[in-house]
Protein chains: 2
Amino acid sequence: MALFDKSDSAQLVVLSLLAEGASYGYQLTKDAATRSSGTLRLTPGVLYPMLKSLETEGLITSSWEEIKAQGSAEDGTGRRRKWYRISPKGRKRLEQRIAAHRAYTALIDTFLGGRPQEERP
Amino acid sequence: MALFDKSDSAQLVVLSLLAEGASYGYQLTKDAATRSSGTLRLTPGVLYPMLKSLETEGLITSSWEEIKAQGSAEDGTGRRRKWYRISPKGRKRLEQRIAAHRAYTALIDTFLGGRPQEERP
DNA sequence: ACATATATATCGCCGCTCGATATATTGGCG
DNA sequence: CGCCAATATATCGAGCGGCGATATATATGT
């Protein structure tokens, strides 16, 4: 949002999906949609730039893999798929993002709840 | 955030504060800071444009009030304070924002929790 | 007297979002 | 076999919005 760290939900979502196991772009898009019953649309314009920046930050790693077509001799020009894996650093970041998210919802609940929180000196 | 309605927390905060009673800009800034133990900084650059847009949308109303200084004859050129009040429409919007926020946190928890939700056909 | 607090308000830079677009391969269906 | 939909990855830039910087005026405390 602003004001208080937007706690970047998109990043949180992608990192948490990758924390469950390696995946690739298209799959992540589908997983996000499935999990959210269609409400969360992780479009290419959002996803790929983010994966790139995550990799630049060293939070994930990537590697290409050849996809074997049914009746294709492996001539080396088949379709390729880019797998992403979360790094230890990425896991730490995910923990932070989760913490930030909890803090954020707690903060909002402060306002929703009405009364200010008790101060502990 | 994007992807799924940023659920505009700043607006939610201001509306919820006004739902507790009329207030004015400077006070809202202070309240926000107090409630959040200083983490939420509702700066002028954020607050005033927002109050304006909230009023344009008919979610809040405003009225000026003269502030009486200690030893001042009320000559009509004292300091003025602009009070804001939430409108019925604003209360409805607040409810919506709260609902959106709940939906948002529920969605994030879906990813944090791991397993996808059961589908109800 | 002067600094600080109260009080409201605007402007515009910067950065991010994400719709549009591009491209190539593979699978299914009539 | 021809064609469309699905699979798969990727870039670009217009447009929008957040918010730091800035402006202005009064009131209070020292």
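These numbers come from the heavy atoms of this one structure, side chains and all, not from hydrogens, waters or symmetry mates. Proteins come first, then strands; the chains are lettered A, B, ... in the order of their sequence lines, and each starts at number 1.
Under the side chain to side chain contact (heavy atoms under 4.5 Å, CB included) criterion, Ser62(A) pairs with Glu55(A), Lys82(A), Tyr84(A), sequence neighbours left out. Residues satisfying the side chain to side chain contact (heavy atoms under 4.5 Å, CB included) criterion with Lys89(B), sequence neighbours excluded, are Leu59(B), Ser87(B). In terms of the ring pair (Phe, Tyr, Trp, His ring centres under 6.0 Å) criterion, residue partners of Tyr24(B) (sequence neighbours excluded) are, by chain and number, Trp83(B). Partners of Thr61(A) under the side-chain hydrogen bond (donor to acceptor under 3.5 Å, both in side chains) rule, at least two apart in sequence or in another chain, do not exist in this structure. Every residue meeting the salt bridge (charged side-chain N to carboxylate O under 4.0 Å, His left out) condition with Arg93(A), not counting sequence neighbours, appears here in chain and number order: Glu57(A). For the side chain to side chain contact (heavy atoms under 4.5 Å, CB included) test, residues two or more places apart in sequence or in another chain that qualify with Leu17(A) are Val13(A), Leu28(A), Asp31(A), Arg35(A), Phe111(B). Arg102(A) is linked by a salt bridge (charged side-chain N to carboxylate O under 4.0 Å, His left out) to Asp109(B), counting only residues two or more places apart in sequence or in another chain. A search for salt bridge (charged side-chain N to carboxylate O under 4.0 Å, His left out) contacts involving Glu65(B) returns nothing, not counting sequence neighbours.
The side chain of Arg79(A) lies closest to dT7(D) when the candidates are dT7(D), dA9(C), dC19(D). Of the candidate nucleotides dT9(D), dG20(D), dG19(C), dG19(C) has the atom nearest to the side chain of Arg41(A). With dC19(D), dA9(C), dT11(D) as the candidates, the nucleotide lying closest to the side chain of Pro44(A) is dT11(D). Ranking dA8(D), dC19(D), dT8(C) by closeness to the Arg81(B) side chain, first place goes to dT8(C).
Residues Thr105(A) and Tyr104(B) bring no donor and acceptor atom of their side chains to less than 3.5 Å of each other.
At a threshold of 4.0 angstrom between heavy atoms, the contacts of Trp64(A) are confined to the sugar-phosphate backbone, with no base atom among them.
In this structure, the helix from dA1(C)-dT30(D) to dG30(C)-dC1(D) shows an angle of 20° between the axis at its start and the axis at its end, each fitted on 5 base pairs and rounded to 10°.
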Donor-acceptor pairs under 3.5 Å, side chain of residues 46-54 of chain B to any protein atom, not counting sequence neighbours: which ones?
| residue | atom | partner | partner atom | Å |
| --- | --- | --- | --- | --- |
| Ser53(B) | OG | Met50(B) | O | 3.0 |

Could you please spell out the steps behind the side chain to side chain contact (heavy atoms under 4.5 Å, CB included) verdict for Thr43(A) and Thr29(A)?
-> CA-CA 7 Å; Thr43(A) 57; Thr29(A) 302; over 6 Å; no
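A heavy atom closer than 4.0 Å to some atom of DNA chain C occurs in no member of residues 24-32 of chain A. Contacts between residues 49-58 of chain B and DNA chain C, counted as heavy-atom distances below 4.0 Å, involve Pro49(B), Lys52(B).
Atom CD in Glu65(B) sits about 14 Å away from atom C1' in dT6(C), given to the nearest Å. Atom CH2 of Trp83(B) and atom P of dT8(C) are 9 Å apart (whole Å). Counting to the nearest Å, the P atom of dT8(C) and the CD1 atom of Ile60(B) are 12 Å from each other. Here the C1' atom of nucleotide dC18(C) and the CD atom of Gln11(A) are 16 Å apart, to the nearest Å. If you take CG of Leu42(A) and C1' of dC18(C), they are 11 Å apart, rounded to a whole angstrom. Regarding Lys82(B), its NZ atom lies at a distance of 13 Å from the C1' atom of dT10(C), rounded to whole Å. One atom, CD1 of Ile67(B), and another, P of dT26(D), lie 12 Å apart when rounded to the nearest Å. Atom OH in Tyr48(B) sits roughly 18 Å away from atom P in dA23(D) (whole-Å rounding).
Atom CG of residue Leu42(B) and atom NZ of residue Lys30(B) lie 11.0 Å apart, to the nearest 0.5 angstrom.
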